[in-house]
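The next block holds one structure in the form of structure tokens; read it before the comments.
The chain is numbered in sequence order, starting from 1.
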Amino acid sequence: MAEADARGANAPEITVSELANALKRAIEDRFGYVRVRGEISGYRGPHSSGHAYFCLKDANARLDAVIWRTALQRMRLKPEEGLEVVATGRLTTFPGKSSYQIVIEALELAGIGALMALLDARRRKLAEEGLFDAARKRKVPFLPRVVGVVTSPTGAVIRDILHRLADRFPVRVVVWPVRVQGETSAAEVAAAIDGFNALPLDGRAGRPDVLIVARGGGSLEDLMSFNDEAVVRAVARSAIPLIAAVGHETDWTLIDHAADLRAPTPTAAAEFAVPVRGELLAAIAELDARRRGAILRFSSRLRSEVRALARALPAGEAIIAGPRQRLDRAAEALARRVRGAIDQRALQTAGLARQLARHSPRARLAGQRERLRGLSGRLARVRPFLIERPRRAADAVGRVFVREVALLARRRGEQAAMVERLAARMVRAYDERLQSRRAQLFSAWQLLGAMSYRGVLSRGFALVRDETQKPLWRAEDVRQAQRLEIEFADGKVGAIAVGRVGPPLTPPALLPRRRPKPDKDDGQGSLF
């Protein structure tokens, strides 16, 4: 017992931090870089700082893991919940929790089975979103003017595609160079597809009518760029029909499901994109020959039908013989009717001439002369009676008219004097009535000035109205924050009530307060 106490007393004292740092150095020196295989657990996405925290576990143990933000950004394989991986990193401790952890710098899938499970899960997820539906796939144009190719510019794939297009139907080819393998491959392929779709339809670069995404064969890991979710979504949202030609015929990637058409090889993709020019020319020549033969046969048939119709028609002379005879008969009948009409018109003209001779101006003038001579003789006989008698009668009527005019003049003078007397009386009565009315009006004006509230306002009072121009008589009728209008003798101002500011005032007993009746309003208002 004493020996144990002596050993404990002889041990040097160290702090918790010194012990934690010693353990940290011991673990880092002992293990350094390690490769740990396990299943990702507790991963909820990157932290707000950009770092990722989770655990690696197997059937019997668990290990805390952390991926710093810079390492997470450049990782090709991102951590996912439940994914079995092989993590490479440094083993260290975290003194704040008295725990050890691995700082991961690289992640890779643990075997082909895990990779296939990852791809199957991703395929089911994208299929549930409808990206693989056959209804959304479009037909590749029969004869595109421009073909866009997304592939590596240095591999054999682009040479095979260009050679096959030149053999079948030379068209304009626009190549968007990308990496088809590596960490940045997926981002470059997705950007190339979106870049082709962003080109203007009438631009100088020429927007492609069909796209080919191509790569040669390789392992499943080599083709992982074309299984990336971003690439699949770029293929699905492409407005340009797209042909996927990744790997060999037995290789399948996720973009094969999202593309409008899958080609087993890049060469087959070129064959799907354009037809064979020679076959088209042969088909056109055959169709042209069939067109010329059909035209010849049609013209020959029309010619035969015209000949048959010509044989069925009668001769021209036979057709016009009947109308010509009817025309001759009609001409003879017309001549007879014209001669008859002329004779009849001649007889009518002779009768009219005889009537005109009887009623000519000379004959009528001679008759009028004879009648004038007879009337002149009768006038000479009756002249004394027609002139003398009317003259004597006119003299008698003139004398009577003079007497009547004198009588009317006297009467007119009497009526004028009467009218002048009546006018003088009317003027005097009008002046007296006007003075009386003026006196009444002046009295009423004085009474109105004495009774009007404006006279009260001129003595220093004010009239308070509410929003409806209704006068307010008591302080208790005013509400809090009510809009008021206060009228003084020289104008009106607006105000807002802030509430009662003093005790209620008792009105004088000698001045009873009266309210005007609400149904009468003379437009003046009153303070009483």
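Note: Ile67 CD1 to Gln73 CD = 12.0 Å, rounded to the nearest 0.5 Å. Taken to the nearest 0.5 Å, the CG atom of Leu302 stands 11.5 Å off from the CZ atom of Arg307. In this structure, Ile255 CD1 and Leu242 CG are separated by 7.0 Å, a value rounded to the nearest 0.5 Å. The line from CZ of Arg179 to OG1 of Thr151 is 13.5 Å long, rounded to the nearest 0.5 Å. Summarising the geometry, atom NZ belonging to Lys78 is positioned 12.0 Å from atom CD1 belonging to Ile40; distances are rounded to the nearest 0.5 Å. Expressed to the nearest 0.5 Å, how far OG of Ser41 lies from CG of Leu63 amounts to 12.0 Å.
Scanning both residues, Gly216 and Val157, for their nearest heavy atoms gives N-CG2, 3.3 Å. Residue Arg297 comes nearest to Arg290 through the heavy atom pair NH2-O, 4.4 Å, listed as atom of the first residue, atom of the second, then distance. Of all heavy-atom pairs spanning Pro241 and Asp260, the tightest one is CA-OD2, 3.3 Å. Contact detail for Asp256 and Thr253: the closest heavy-atom pair is OD2-N, 2.9 Å. In terms of heavy atoms, Ile193 sits closest to Ala234 at CG2-O, 3.6 Å. Across Phe196 and Gly148, no two heavy atoms sit closer than the pair CZ-CA, 4.0 Å.
The salt bridge (charged side-chain N to carboxylate O under 4.0 Å, His left out) pairs that include a residue from residues 228-237 are Lys125-Glu229, Glu129-Arg233, Asp194-Arg237, Glu229-Arg233, where partners are two or more places apart or lie in different chains.
Residue-environment remark: CZ (Arg138) exceeds the threshold of 12 foreign heavy atoms within 6.0 Å. Within 6.0 Å of CD in Glu467 there are more than 12 heavy atoms belonging to other residues, nucleotides or ligands.
Between the side chain of Lys137 and the backbone N or O of Ala259, at least one donor-acceptor pair lies under 3.5 Å. The main-chain N or O of Leu296 is never found under 3.5 Å from a side-chain atom of Ser300 such that the two would form a donor-acceptor pair. Under a 3.5 Å cut-off, the side chain of Asp133 and the backbone N or O of Arg136 do not form any donor-acceptor pair. Counting only distance, with no hydrogens or angles, the side chain of Lys57 and the backbone of Asp64 share no donor-acceptor pair below 3.5 Å. Not a single donor-acceptor pair under 3.5 Å links the side chain of Arg62 to the backbone N or O of Cys55. Looking at Asp466, its side chain never comes within 3.5 Å of a backbone N or O of Leu484 through a donor-acceptor pair. His51 places a side-chain N or O within 3.5 Å of a backbone atom of Arg69 that can act as its donor or acceptor partner. With hydrogens and angles ignored, the 3.5 Å screen pairs a side-chain donor or acceptor of Arg215 with a backbone N or O of Gly217.
Side-chain contact check for Leu107 versus Pro79: some heavy-atom pair is nearer than 4.5 Å. Leu254 places none of its side-chain heavy atoms less than 4.5 Å from the side chain of Phe226. By the 4.5 Å heavy-atom criterion applied to side chains, Val85 and Leu56 are counted as neighbours. Within the 4.5 Å cutoff, no side-chain heavy atoms of Glu105 are placed close to those of Thr88. Side chains of Val149 and Trp176 form no contact here, defined as non-hydrogen atoms less than 4.5 Å apart.
Remark: Arg262 is positioned above the aromatic ring of Trp252, its terminal NZ or CZ atom under 6.0 angstrom from the ring centre and at most 45 degrees off the axis.
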- Message: Show, in sequence, the C-alpha distance, side-chain angles and deciding distance for Phe169 and Leu143, and conclude whether the side chain to side chain contact (heavy atoms under 4.5 Å, CB included) test is met.
- Response: CA-CA 9 Å; Phe169 200 106; Leu143 188 59; 3.7 Å; yes
- Message: Before you tell me yes or no, could you show the steps for Val210 and Ile243 under side chain to side chain contact (heavy atoms under 4.5 Å, CB included), namely the whole-Å CA-CA distance, both residues' side-chain angles and the distance that decides it to 0.1 Å?
- Response: CA-CA 8 Å; Val210 64; Ile243 302 174; 4.0 Å; yes
- Run the numbers on Arg172 and Arg145 for side chain to side chain contact (heavy atoms under 4.5 Å, CB included), then give the verdict. CA-CA 7 Å; Arg172 183 181 178 185; Arg145 294 174 299 175; over 6 Å; no
- Could you go through the side chain to side chain contact (heavy atoms under 4.5 Å, CB included) check for Ile104 and Met75 one step at a time? CA-CA 10 Å; Ile104 299 176; Met75 277 187 178; 3.8 Å; yes
- Item | Glu108/Arg37 under salt bridge (Lys or Arg N to Asp or Glu O under 4.0 Å): CA gap, chis, key distance, verdict | CA-CA 10 Å; Glu108 57 186 70; Arg37 178 170 180 167; over 6 Å; no
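Between Glu370 and Arg373, at least one side-chain nitrogen of the basic residue sits less than 4.0 Å from a carboxylate oxygen of the acidic one, meeting the salt-bridge criterion. Remark: Glu80 engages Arg122 in a salt bridge, criterion side-chain N to carboxylate O under 4.0 Å.
A donor atom on one side chain and an acceptor atom on the other are found under 3.5 Å apart for Ser238 and Asn197. With hydrogens and angles left out, the side-chain atoms of Ser185 and Gln181 include no donor and acceptor closer than 3.5 Å.
Taking the six-membered ring where tryptophan is involved, the planes of Tyr43 and Phe54 are perpendicular, since the angle between them exceeds 60° and thus also 30°.
For the side chain to side chain contact (heavy atoms under 4.5 Å, CB included) with Val147, the qualifying choice from Ile212, Leu211, Val174 is Ile212, the only one to do so.
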Using residues 265-284 as the side-chain source, report each donor-acceptor pair under 3.5 Å to any protein atom, sequence neighbours left out, with the distance given to one decimal.
residue, atom, partner, partner atom, Å
Thr265, OG1, Ala268, N, 3.1
Glu271, OE2, Arg164, NE, 2.9
Glu271, OE2, Arg164, NH2, 2.6

